[in-house]
Amino acid sequence: AVWATGAARPLELAVTIQTEIRDDLVGSGQASLVACPPIADTMTVGAIYVCDTTLPDGSHGSVWVSIDSDEGDFSYALSLH
């Protein structure tokens with residue numbers, strides 16, 4: 001029922017974004033782990049949040065994520081420091 005009302009749309013976008021970031025960074029070898037906070041509450045355009053990442057050498061970094069549109073467009077950047 002929640003899916004039919006559209007109320008789950010922010011959660012769906014949040015999961016999609018987190019999965020794409022994790023798949024890209026871990027899949028490319030740029031990170032060995034990406035852990036994002038629950039972001040369904042921050043899916044408004046212009047919102048920025050940070051995911052923690054573990055790099056292949058064991059050091060830690062951050063991934064800055066920006067919500068760019070209501071349609072689920074986003075951008076992100078891996079920060080090493």
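- Closest approach of Ser62 and Val50 over heavy atoms only: CB-CG1, 3.6 Å.
- Pairing each heavy atom of Gln18 with each of Pro37, the nearest pair is NE2-O, 2.9 Å.
- Residues Val65 and Cys51 share a closest heavy-atom pair of CG2-SG, 4.2 Å.
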*With side chain to side chain contact (heavy atoms under 4.5 Å, CB included) as the test, would you mind laying out the steps for Ile17 and Tyr49 before giving the verdict?*
CA-CA 12 Å; Ile17 289 170; Tyr49 66 94; 3.4 Å; yes
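- Looking at heavy atoms from C-beta onward, Thr44 lies out of side-chain contact with Ile67 at the 4.5 angstrom threshold.
- From Leu55, atom CG reaches atom CG of Leu25 across 9.5 Å, with rounding to the nearest 0.5 Å.
- Across all their heavy atoms, Pro56 and Ala31 have their closest contact at CD-CA, 3.9 Å.
- The side chain to side chain contact (heavy atoms under 4.5 Å, CB included) search around Asp68 returns Ser66, Asp73, Ser75, not counting sequence neighbours.
- No donor-acceptor pair under 3.5 Å is formed between the side chain of Ser79 and the backbone N or O of Val63.
- Nearest heavy atoms, Leu13 versus Asp70: CD1-O, 4.2 Å.
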